[in-house]
Amino acid sequence: MTLHVFDTFSYSGSGRILHFDVLLPEKDEQRAIACARQWLTSIGDDYIRCSS
C-alpha cells in the first residue's frame, strides 16, 4: 500500500499556526487541502488559510 503524506499548515483568525499531516492513498494536493479544511471545521477552528 502506498501513502502520500502532505505536510499541512493552517493559520487561524486568532493568530495560531497549526501544523499537521494529511495522509491519502493518492497524490492529490487539492483533496489533501479539502480534507484538512474539513477536519479544521470539525474541531471548530476558524482557519484563514490552509496550505500543504
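The figures here come from the full heavy-atom set of this structure, side chains too, leaving out hydrogens, waters and symmetry mates. Numbers here simply count residues along the sequence, with the first being 1.
For the pair Leu18 and Leu40, the minimum side-chain heavy-atom distance is below 4.5 Å.
A donor-acceptor distance shorter than 3.5 angstrom exists from the side chain of Thr8 to the backbone of Phe6, with no hydrogens or angles considered.
In this structure, Val22 and Cys35 approach most closely via the heavy-atom pair CG1-CB, 4.3 Å.
Between the SG atom in Cys50 and the OH atom in Tyr11 there is a gap of 9.5 Å [rounded to 0.5 Å]. Atoms CD and CZ, on Glu26 and Arg31 in that order, are 4.5 Å from each other to the nearest 0.5 Å. Interatomic distance, CZ of Arg16 versus CG of Asp45, reported as 4.5 Å (0.5 Å rounding). Here the straight-line distance linking atom CD of Gln38 with atom CD1 of Ile33 works out to 14.0 Å at 0.5 Å rounding. Atom CZ of Arg37 and atom CZ of Arg49 lie 11.0 Å apart (nearest 0.5 Å).
Listed by chain and number, the residues in a side chain to side chain donor-acceptor pair (under 3.5 Å) with Asp7 are His19 (sequence neighbours excluded). Residues satisfying the side chain to side chain donor-acceptor pair (under 3.5 Å) criterion with Ser12, sequence neighbours excluded, are Ser14.
Sequence neighbours left out, the pairs with a member in residues 24-43 that pass ring-ring contact (aromatic ring centres under 6.0 Å, His included) are Phe20-Trp39.
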